[in-house]
Asks: 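Quick one: the structure is below, and I'll ask about it shortly.
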Amino acid sequence: MPKIAGVNHLRAVAALEKAGFRILRQGSHIIMTDGTRIVAILRHNPVKAVTMGGTVRDAGLSLDEFRKLL
């Protein structure tokens, strides 16, 4: 699984919004969609590297694309 160093969940949400995702709902996780894919971001600071890597992969982004969006 790809890894990206611990990221603040708010920065991750902002990066995914730049990639075309929008927030569907919020609770203990922030659920986002781009109309095709659905991803969940844990409200935790920082989000662990392996967890964030999986979220980035589920969003259909490469690690380099995600880092540029941060």
Side-chain angles (χ1 to χ4, degrees):
M1 181 169 299
K3 292 183 180 181
I4 185 164
V7 176
N8 181 306
H9 75 277
L10 296 176
R11 288 186 65 207
V13 168
L16 288 173
E17 285 177 332
K18 290 178 189 175
F21 283 78
R22 62 183 173 80
I23 296 174
L24 281 180
R25 63 183 180 270
Q26 299 182 44
S28 61
H29 290 73
I30 300 171
I31 310 300
M32 301 183 78
T33 186
D34 66 354
T36 306
R37 295 180 172 96
I38 297 175
V39 296
I41 300 171
L42 180 64
R43 284 182 179 262
H44 197 274
N45 286 319
V47 178
K48 291 183 179 180
V50 173
T51 304
M52 194 72 249
T55 301
V56 169
R57 184 193 64 218
D58 292 346
L61 300 171
S62 71
L63 292 180
D64 290 333
E65 290 172 330
F66 184 73
R67 284 187 184 109
K68 288 177 185 175
L69 294 171
L70 287 174

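The chain is numbered in sequence order, starting from 1.
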Asks: In Å and rounded to the nearest 0.5 Å, what is the CE to CG distance from M52 to L63?
Replies: 10.0 Å
Asks: Nearest 0.5 Å, please: how far is CZ in R11 from CZ in F66?
Replies: 8.5 Å
Asks: Are L42 and I38 connected in a single hydrophobic cluster, I mean Ile/Leu/Val/Met/Phe/Trp/Tyr linked by side-chain heavy atoms less than 4.5 Å apart?
Replies: no
Asks: Give the table of side-chain donor-acceptor pairs shorter than 3.5 Å for residues 14-29, with sequence neighbours excluded, one pair per line with atom names and distance.
Replies:
{"unit_1": "K18", "atom_1": "NZ", "unit_2": "L69", "atom_2": "O", "d": "3.1"}
{"unit_1": "Q26", "atom_1": "OE1", "unit_2": "R43", "atom_2": "NH2", "d": "2.2"}

Asks: I'd like to know if V56 and I31 are part of one continuous hydrophobic network [Ile/Leu/Val/Met/Phe/Trp/Tyr, side-chain heavy atoms within less than 4.5 Å].
Replies: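 No, because I31 and V56 fall into different hydrophobic clusters, even though each may have its own neighbours under 4.5 Å.
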Asks: What pairs with N45 under side chain to side chain contact (heavy atoms under 4.5 Å, CB included), at least two apart in sequence or on another chain?
Replies: N8, H9
